[in-house]
Amino acid sequence: MKVENLVSFIGADFYTGVPDSQLKPLCDYLMNEYGINGQNHIIAANEGNATAIAAGYYLSTGKIPVVYMQNSGEGNIINPLASLMHEKVYAIPCIFIIGWRGEPGIHDEPQHIYQGEITCKLLEDMGVDYFVIGKETQDIELKSVMERFKEKLLRGQDVAFIVRKGALQYNCGVNYKNDFQLTREEIIQHIVAISGEDSIISTTGKASRELFEIRERNRQKHDHDFLTVGSMGHASAIALGVALHKPEKRIWCIDGDGAALMHMGAMAIVGSLKPENLVHIVINNGSHETVGGMPTVAEEIDLCGIARACGYEVVECIGKEERLNEILKNVQQRKKLSFIEIKAALGARSNLGRPKTSPRDNLTAFMENLKNE
């Protein structure tokens, strides 16, 4: 189905959400049509944030908003859906467009399998009527569904479209880029070299994939690394939990800008507890690169200023390679809670692979390594 037809049938003029690879045709359409202008389109920090923004749009205009997301974000919308949007509360209508990762019968990565199994059930439990869009879905079918949905929306109910892999098409893709030179993989290579026998918690997406392949090239074991293949935005909290209970061991957290923004409140908790053995690194390329490259607001805000305000004791920002090793070595030798923002180019190798070990194997090896040190 052409994205233009989906948008036309929906008939909304406000979209907000978190990018998803299976919704890239929709995301590219929105960027070409609106950019991020605040009036018609906003890329939110997380899916719950997007739902609340949509509620504010409805309150001020009386018109139906659209929230888009990967199905991994359903957990983030449960609270506002159940306690704000639901017809037993404020009855705020909204259309959700959800990319279906881990659809049963379709091969996908481990972090998507269970989420894929419960995607429809979560909506059913929250009383959200839904329709699944696949490659075979015809325009006339979607038009009929929208007529049914409109009746529900008028009653203050929420509805959803679940989008299967390859279901949407758009012929005007967007090429996202920035002006920084350091690649994320080069940055992680430097971190691996300097961290030595320390432990690393890496965020979801390409950062963990690159860390895994760097260890493979170095012929190193993977037991020093916990690859947070799902649970976007929570790597720093995982690292905090490890650092507090292994105070004798230095813990590095490799975070991304989109992930750090998604649950930024974690930085306040880290800063308040000040574990002296934690190094929190945000590799900032200003984009949701793993799911297509749509921009984040990380280039427009002061992440280092936020870290300082949260209580991080050592704060550094790096834009060029010549300072990278020096600063990494310095924080490795200090006993102070550290935050490093590293500006990075957008892009990754086209042949970047995925971890060959299972999440359970990764967990077992990581815990065994922590126990023996």
Side-chain angles (χ1 to χ4, degrees), residues 180-229 235-236 238-240 242-243 246-257 259-260 275-285 289-290 303-304 307 312-349 351-357 362 365-366 368-370 372-373:
F180 296 107
Q181 300 302 312
L182 275 170
T183 69
R184 183 184 46 251
E185 188 164 6
E186 289 170 339
I187 293 165
I188 296 173
Q189 285 175 337
H190 284 276
I191 295 169
V192 167
I194 290 170
S195 62
E197 295 298 308
D198 299 341
S199 293
I200 298 175
I201 315 291
S202 59
T203 189
T204 187
K206 291 181 180 177
S208 282
R209 293 164 61 183
E210 288 167 343
L211 175 58
F212 185 91
E213 292 213 342
I214 288 166
R215 295 291 192 193
E216 289 281 283
R217 288 199 301 271
N218 292 348
R219 298 186 178 181
Q220 295 172 312
K221 293 181 178 180
H222 300 279
D223 57 354
H224 289 77
D225 310 326
F226 183 80
L227 310 178
T228 314
V229 293
S236 62
I238 297 169
L240 173 64
V242 175
K246 284 290 180 179
E248 74 286 355
K249 188 170 182 63
R250 185 163 301 280
I251 308 298
W252 299 68
C253 175
I254 300 176
D255 218 345
D257 54 298
E276 62 181 20
N277 58 330
L278 179 58
V279 180
H280 185 182
I281 297 174
V282 174
I283 301 176
N284 181 5
N285 62 10
E289 187 195 337
T290 297
L303 286 174
C304 287
Y312 286 75
E313 297 168 293
V314 175
V315 178
E316 299 278 2
C317 182
I318 303 171
K320 296 182 178 179
E321 186 171 7
E322 51 264 30
R323 294 188 66 226
L324 183 57
N325 278 351
E326 175 191 349
I327 289 175
L328 291 177
K329 287 177 181 176
N330 285 342
V331 298
Q332 207 273 344
Q333 293 164 7
R334 290 173 179 159
K335 289 187 175 181
K336 286 187 176 181
L337 171 62
S338 302
F339 179 90
I340 307 174
E341 177 188 11
I342 307 176
K343 305 283 190 173
L346 206 162
R349 288 185 288 111
N351 64 343
L352 179 62
R354 295 181 182 274
K356 298 179 179 65
T357 55
N362 177 210
F366 183 78
E368 190 66 26
N369 178 264
L370 284 179
N372 292 335
E373 297 232 352

Next on the checklist: For the CG atom of Asn218 and the CD atom of Glu216, what is their distance to the nearest 0.5 Å?
Outcome noted: 10.0 Å

Item to check | Donor-acceptor contact present, side-chain Asn284 to main-chain Asp257, <3.5 Å | outcome: no

Checklist entry - Got a donor-acceptor contact below 3.5 angstrom from the Glu289 side chain to the Gly347 backbone? => result yes

Item to check | Under 3.5 Å: donor-acceptor pair, side chain of Arg323, backbone of Cys317 | outcome: yes

Checklist entry - Looking at CD1 of Ile188 and CZ of Arg215, how far apart are the two atoms once the value is rounded to the nearest 0.5 Å? => result 10.5 Å

Checklist entry - Taking all non-hydrogen atoms of both residues, which atom of Ala235 and which atom of Ile201 are closest, and how far apart? => result O-CG2, 3.8 Å

Next on the checklist: Restricting to non-hydrogen atoms, name the atom on Ser208 and the atom on Thr228 that form the minimum distance, rounded to 0.1 Å.
Outcome noted: OG-N, 3.8 Å

Checklist entry - Atom CG of Leu328 and atom CD1 of Ile342: how far apart are they, to the nearest 0.5 Å? => result 5.5 Å

Checklist entry - About how many Å separate CG of Asp225 and OG of Ser195, when rounded to the nearest 0.5 Å? => result 7.5 Å

Checklist entry - What are the two closest heavy atoms between Ala348 and Arg184, and how far apart are they? => result CB-NH2, 3.7 Å

Checklist outcome for this item: Distance col, row Arg354:CZ vs Phe212:CZ, nearest 0.5 angstrom, shows 12.5 Å

Checklist outcome for this item: When rounded to the nearest 0.5 Å, the distance separating SG of Cys304 from CD of Glu316 is 8.0 Å

Checklist entry - Just checking, is any N or O donor in the side chain of His222 or Asn362 under 3.5 Å from an acceptor N or O on the other one? => result no

Checklist outcome for this item: Result for salt bridge (Lys or Arg N to Asp or Glu O under 4.0 Å) between Arg349 and one of Glu213, Glu210, Glu186 points to Glu213

